[in-house]
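To start, the structure itself, in structure tokens.
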Amino acid sequence: MTVSRMREWTEEQTCLFQESLLNWYQTEQRLLPWRENTDPYRVWVSEIMLQQTQVATVIPYFLRFMEWFPSIQALAEAPEDRLLKAWEGLGYYSRVRNMQTAAKQIMTDYGGKMPKRPEDISALKGIGPYTAGAIASICFHLPEPAVDGNVMRIYSRLFSICDDIAQAKTRKIFEGKVRQTISPTQPGDFNQALMDLGATVCTPTSPKCDICPLAAYCSAHHAGRMTDYPVKTKKPKPVPVYYLAQVIQNSRGEFLLEQRNSQGVLSGMWTFPLREVTKAAYRCYLDGWRSYQQSKEAPTLFDLVAEDDGETQANAFLEELAVFGSQAVWQKQPVGEVTHIFSHLKWFILLASGFERAGSELTLKENQRWVAPEDFAAFVFPKPQQKMVALLYKNNILKSVSDS
DNA sequence: AAGTCGGGGGA
DNA sequence: TCCCCAGACTT
């Protein structure tokens, strides 16, 4: 076959391709409960359940769901707790809430029957491009693409498509390719055949090209580059960084803020003083707090830091702590934890709240300043600082004007 | 465009 | 542990 090297297929080649796929599907298709007929309600429910969920998991859920809610009307009228019970363990619970919203839409707008126009289908809550295409093609025999992860994998191999499937816009490229090649007479079977092929033959890691009905048409197979496709960039996981935040008030009710240096993340911005600690230390403080929380003799965060063996703690921080320990009175209980994800970093911030010790003025560093809460508005706070301030309000360490 | 939402299975 | 799976919605 020379077909595989062609980027565009002739009409005849396209027909042969469709035939190969459909013939394979006829003999190899999986027998699944939602394939007993093409009732739009059953197809709809199955497609929603199958989003990010494997077939074997879905089957028992599907059967029970059909018993409990046998029609669109039954779904529309179902009590929410019953609905959630039916979904318990499936995950992505907004799926079932959206489905009921859509069921009500269908009852009021379409007399209780699934609309047939693709644009009407995809306007329903929880039905996106994939599911709309699946329903339109399976139930109403419209040549609509239903592009999911499987289809992108198969087509990227068929045509050696290098576009990054992690990017949202790439889906349109594949939809275009499917529109060019979908069977006009059996679009539903065609789409379902792709799903089965992706699940059982054209698998992510070790595709079974020797039994694949499309091998003769497959560019990647011809080049022996099956596992180079699909191209998917994986973004590096944000590196965790751990901080203690020193939330200190003086007798005038002002808070100590510190300006970050001109290098690195959030350069020049103002936050509560943040001191980086190791992961081990951070965990130690969290655990220490939790285990002490029952007893009356709960330590302050800085007691725990002082107990630290030093190996998990930077010396400079310990020295600074000695000063703060003597000049500030720390609360026994933690304020709480704040996390924030940057593109490359994930900050974990444990907040400790304290007060300047009476009669001993805190010695401020060059980049530190006392600031009244009323003046916070004059600062452009970075997101982590905003989250910390919000947490202080929540814990009534900061009082909003309306409360007072 | 990126973050969020769950849980199970396989490498 | 990490990635993947019949994705869609929100910000």
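In what follows, chains carry the letters A, B, and so on, assigned in the order in which the sequence lines appear, proteins first and then strands, with residues in each chain numbered from 1. Hydrogens, waters and symmetry mates are skipped; everything else that's a heavy atom, side chains included, is used.
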- Item | Nucleotide nearest A:Lys125 when distance is taken to its side chain, options C:dA6, C:dT10, C:dA8 | C:dT10

Touch check for [X], heavy atoms < 4.0 angstrom, all strands: base, sugar-phosphate only, or nothing?
{"X": "A:Gly198", "answer": "nothing"}
{"X": "A:Leu90", "answer": "base"}
{"X": "A:Val55", "answer": "base"}
{"X": "A:Leu32", "answer": "base"}
{"X": "A:Arg171", "answer": "nothing"}
{"X": "A:Trp44", "answer": "nothing"}

Between [atom2] on [N] and [atom1] on [X], what's the gap in Å once rounded to a whole number?
{"X": "A:Tyr61", "N": "B:dG6", "atom1": "OH", "atom2": "P", "result": "13 Å"}
{"X": "A:His340", "N": "B:dG3", "atom1": "NE2", "atom2": "C1'", "result": "12 Å"}
{"X": "A:Tyr25", "N": "C:dA6", "atom1": "OH", "atom2": "C1'", "result": "12 Å"}
{"X": "A:Met49", "N": "B:dG8", "atom1": "CE", "atom2": "P", "result": "15 Å"}
{"X": "A:Ile135", "N": "C:dA6", "atom1": "CD1", "atom2": "C1'", "result": "12 Å"}
{"X": "A:Lys387", "N": "B:dG3", "atom1": "NZ", "atom2": "P", "result": "11 Å"}
{"X": "A:Ile48", "N": "B:dC5", "atom1": "CD1", "atom2": "P", "result": "19 Å"}
{"X": "A:Asn191", "N": "C:dG7", "atom1": "CG", "atom2": "P", "result": "13 Å"}

- Message: Using 0.5 Å steps for rounding, measure from the CE atom of A:Met195 to the CD1 atom of A:Ile154.
- Response: 10.0 Å

- Query: How many angstroms lie between CZ in A:Phe379 and CZ in A:Arg369, if you round to the nearest 0.5 Å?
  - Reply: 5.0 Å

In plain terms, say whether [X] and [Y] are close enough for a salt bridge, that is, a side-chain N and a carboxylate O under 4.0 Å apart.
{"X": "A:Asp39", "Y": "A:Arg42", "answer": "no"}
{"X": "A:Lys387", "Y": "A:Glu337", "answer": "no"}
{"X": "A:Arg179", "Y": "A:Glu144", "answer": "yes"}

- Note on the structure: Result for 5'-nearest mapping on DNA chain B, choosing between A:Ser206 and A:Gln51, is A:Gln51

- Nearest-nucleotide 5' precedence on DNA chain B, A:Gly89 against A:Lys169: A:Lys169

Would you mind writing out the side-chain donor-acceptor pairs for residues 55-65 of chain A within the sub-3.5 Å range, not counting sequence neighbours?
unit_1, atom_1, unit_2, atom_2, d
A:Tyr61, OH, A:Glu88, O, 2.8
A:Arg64, NH2, A:Lys85, O, 3.3
A:Arg64, NH2, A:Ala86, O, 3.0

- Message: Suppose you measure atom P in B:dG6 against the same atom in C:dT10; what distance do you get, rounded to whole Å?
- Response: 14 Å

- Message: Suppose you measure atom C1' in B:dG3 against the same atom in C:dA6; what distance do you get, rounded to whole Å?
- Response: 22 Å

- Could you spell out the base pairing of DNA chain B in dot-bracket, with Watson-Crick or G-U pairs whose two distances are under 3.5 Å, [ ] crossing and | to another strand? |||||.|||||

Show the distances under 3.5 angstrom between N or O atoms of the protein and N or O atoms of nucleotides 2-5 of chain C.
unit_1, atom_1, unit_2, atom_2, d
C:dC5, OP1, A:Arg153, NH1, 2.1
C:dC5, O2, A:Gln52, O, 3.4

- Residues A:Thr170 and A:Asp163: side-chain donor-acceptor under 3.5 angstrom: no

- Item | Aromatic ring pairing A:Phe159/A:Tyr155, orientation class (parallel under 30°, perpendicular over 60°, tilted between) | tilted

- Using the ring of each side chain (for Trp, its six-membered ring), is A:Phe272 parallel, tilted or perpendicular to A:Phe255, with breaks at 30° and 60°? tilted

- Between A:Arg30 and A:Gly126, just flag the one whose closest nucleotide in DNA chain C comes earlier from the 5' side. A:Arg30

- Message: So that I know where these two stand, are A:Tyr217 and A:Phe17 an aromatic pair - ring centroids less than 6.0 Å apart?
- Response: yes

